[in-house]
Amino acid sequence: MITSIDDLQALAEKKRAECDENSSELRVCAGTSCLSLGSSELKKSLQDEIQSRGLNDSCNIKSVGCNGLCANGTLVSYCTKDKSKSTFYERVTSGDASGLVDSIQNGTPLEDRMCDISQPFFTYQKKIVLENIGIIDPDDIEDYIAHGGYLSFFRALDEMSPKDVIEEVKISGLRGRGGGGYPTGIKWESVSKVLSEQKYIICNGDEGDPGAFMDRAVMESDPHRILEGMAIAGYACGANKGYIYVRAEYPLAVDKLNRAIKQATKLGILGENIAHSNFSFNIEVRLGAGAFVCGEATALIASIEGNRGNPRQKPPHLSDYGLWGEPTVLNNVETFANIAPIIKNGGAWYKSIGTESSSGTKVFALTGHIQNTGLVEVPMGTTLRELIFDIGGGVPDGKKFKAIQSGGPSGGCIPESLLDLHVDYESLKNAGSIMGSGGLIVIDDSSNMVEIARFFMDFCRSESCGKCTPCRVGTTELTLLLDKFINKKATKSDFELLKEMCEIVKSASLCGLGQTAPNPVISTIKYFEDEYLAGISDD
Amino acid sequence: MLETIDDRYKTLEKSMKKLGYDKSALIETLHTAQETFGYLGIDTLKFIASRLKVPYSKVYGVATFYNYFMLKPKGKHNVVVCMGTACYIKGAEKIVEIIEQRFGIKVGETTPDGLLSLLSARCFGSCSLAPVIICDDKTKGKVLPENTLCDIEEMIK
């Protein structure tokens, strides 16, 4: 049991000493992507190899979370005994196990599997949210503690008042990473001010945007970071119960989070009267069941309560009337993952990173027609050009860049002419898209933009909960209209109707799903109008 | 009654008991039921409604609202094609088309002999491996349309 900050530090010291003395470390990526490329078989082969050569005591193999460069999996890194030097390998398969262990024994790296970590994919990144990922074992709470985990939480309990915590988060300028961009500190403050016996903290791990997998990586690779962020939020707002709402499609994330909660509870980091204080906090995982609309706050709450995920009118806002009618803070996974570093290093430190209006870093999932697909974390204000061509390595197969889609079905497509845009909440909005949760999908010149717009519209049509008419009927009509353009059977008046209907759905829908559903159409009309005009037949 | 002799109902009952027959844990209960039975049949839904003391209409409403819940039994083997954005722009539609043609079933359907079901998913979050399909719980990334059929034939062999 950990009952004080001293206990926590003692445990961290003990674990660190153990690691240092014992052995070098082979870290095998066990993210979903690498797992499907056979990383568990690889780990087994490495273990067999190490065992048969009697190296068990000098080399420790551990599974770590997603290293980011998913395109080149399976990723393995080797860290020497004094932890001073690490070598990064890519495209490793079970067949390489013996060669890799050879290289450890004779101290020369395995050249043809080495990954160049001086490439922009790595050097442009600044890791705050992902700092532990690829380094710690997500199944081992002691490993998290050894890397400074839960220290922020205990410091907050020990040295800070709830008001101080909120102040620090406000200074940091952290804004909601789920896409809305609402200032986190202000959200917390409004809940902390409401007088109520019962308040709740909810973490949105539903990650419904197709093409986004940042939250999945954090939940699978560093689950304790999320628990710590939630516990700090609970302390700041006076809530003693938290829920993590996770997609059922992410079984590995559910498993890691449940295990993390169990471990933290066992050590007394979660539970009643934590560290002899009068603060108690417990966390439960709740499963989603595949509904995009549940990314909307009120729909998510309806789902946790066991109902259909229908959103409701706001106000009342969640800070007054949330889960079971009680004041509730709802933040995204990435937002919570930023909290511990903010408390550790101070709000001013965080504020110094990024742009004036959007501080800190953002994790993006780079996918689509791009060389280096994977996860990257960069300071806000990085340009799209840097993201796509430097970090992402550009468009493969000799094709030409055409557009980048951000924000999922609620976002828009940004053309080449705006590639020097410094990415933050405002700039993306001005360009007709949104930050969204951070999926960036690169589209090359072989794609038709009307078809892409139709893809998103059809997605919203099938995900519309059906409660309000503008969204339910509007998305259906818009899909049918777009079909006319794709089949080259549209008329000029169809084009006018398309634009008008986008405005109606946008302004009259009840919740965010309908209000943003026309965005992909509006932005592609804005930047790729000729592709719509090509769908108009004269007769 | 059937449920008194079927062990699967016992598993379901146990799970509801563990959650204190909490009405708000309906979605959790449906997950357990789907895991146990493979799908959510009308009898199962009625059983849950009576045990949790919620109207059958509500249980049915929730079960049909969420994509993850299946109201029809699946085939012996399943292929799930991811239809997320990254997979879509890398040709997931083409893959679906090929499978539909070869086996004469649409997405959500099962072959008449019950051997194969074709399903689609919103996004597995394995976007860096797009396009992705899952053949009986085994994820296959960077799938080429021409190899898909071989993978499936192999699976149902």
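Numbers restart at 1 for each chain; the letters A, B, ... are given by sequence-line order, proteins then strands.
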Under a 4.5 Å cutoff for heavy-atom pairs, which residue among [options] has the most contacts with chain A?
options: B:Cys87, B:Ala63, B:Ala25, B:Gly61; answer: B:Gly61
options: B:Gly125, B:Gly84, B:Ser126; answer: B:Gly125
options: B:Leu26, B:Leu30, B:Val132, B:Thr139; answer: B:Thr139

Distance from [X] atom [atom1] to [Y] atom [atom2], nearest 0.5 Å?
X: B:Tyr88; Y: A:Phe459; atom1: OH; atom2: CZ; answer: 13.5 Å
X: B:Cys127; Y: A:Leu440; atom1: SG; atom2: CG; answer: 11.5 Å
X: A:Leu37; Y: B:Leu129; atom1: CG; atom2: CG; answer: 5.0 Å
X: B:Ile27; Y: A:Tyr245; atom1: CD1; atom2: OH; answer: 5.5 Å

Kindly indicate whether the side chain of B:Lys58, heavy atoms from C-beta on, has any atom under 4.5 Å from the side chain of A:Asn307.
yes

Do B:Tyr68 and A:Leu287 make a side-chain contact, defined as non-hydrogen atoms from C-beta onward lying under 4.5 Å apart?
no

Under 3.5 Å, is there a donor-acceptor pair between the side chain of [X] and the main chain of [Y]?
X: B:His31; Y: A:Gly288; value: yes
X: B:Ser128; Y: A:Gly374; value: no
X: B:Asn67; Y: A:Ala291; value: no
X: A:His369; Y: B:Ile89; value: yes
X: B:Lys23; Y: A:Glu305; value: no

Could you check A:Asp209 against B:Cys123 for side chain to side chain contact (heavy atoms under 4.5 Å, CB included), going step by step and ending with a plain yes or no?
CA-CA 8 Å; A:Asp209 279 11; B:Cys123 183; over 6 Å; no

Decide if atom [atom1] of [X] counts as having more than 12 heavy atoms of other residues, nucleotides or ligands within a radius under 6.0 Å.
X: B:Glu154; atom1: CD; result: no
X: B:Asp113; atom1: CG; result: yes
X: B:Tyr60; atom1: OH; result: no
X: B:Lys142; atom1: NZ; result: yes

So what's closer than 4.5 Å to chain A heavy atoms on [X]: side chain, backbone, both or neither?
X: B:Thr64; value: side chain
X: B:Lys140; value: neither
X: B:Lys138; value: neither

Are A:Glu249 and B:Arg122 ion-paired here, with the side-chain N under 4.0 Å from a carboxylate O?
yes

[X], part contacting chain B, at a heavy-atom distance under 4.5 Å:
X: A:Glu451; answer: both
X: A:Ser303; answer: both
X: A:Cys465; answer: both
X: A:Ile304; answer: backbone
X: A:Ala365; answer: neither
X: A:Arg308; answer: both
X: A:Phe292; answer: both
X: A:Ile441; answer: side chain
X: A:Val293; answer: side chain

Which of the residues [options] is involved in the greatest number of heavy-atom pairs with chain B at under 4.5 angstrom?
options: A:Gly73, A:Ser36, A:Gly31, A:Cys294; result: A:Ser36
options: A:Glu207, A:Glu463, A:Gln405; result: A:Glu463
options: A:Thr373, A:Leu69, A:Asn372; result: A:Thr373

Run the side chain to side chain contact (heavy atoms under 4.5 Å, CB included) check on B:Ser24 and A:Arg286 step by step: do they pass?
CA-CA 11 Å; B:Ser24 79; A:Arg286 282 288 162 110; 3.9 Å; yes

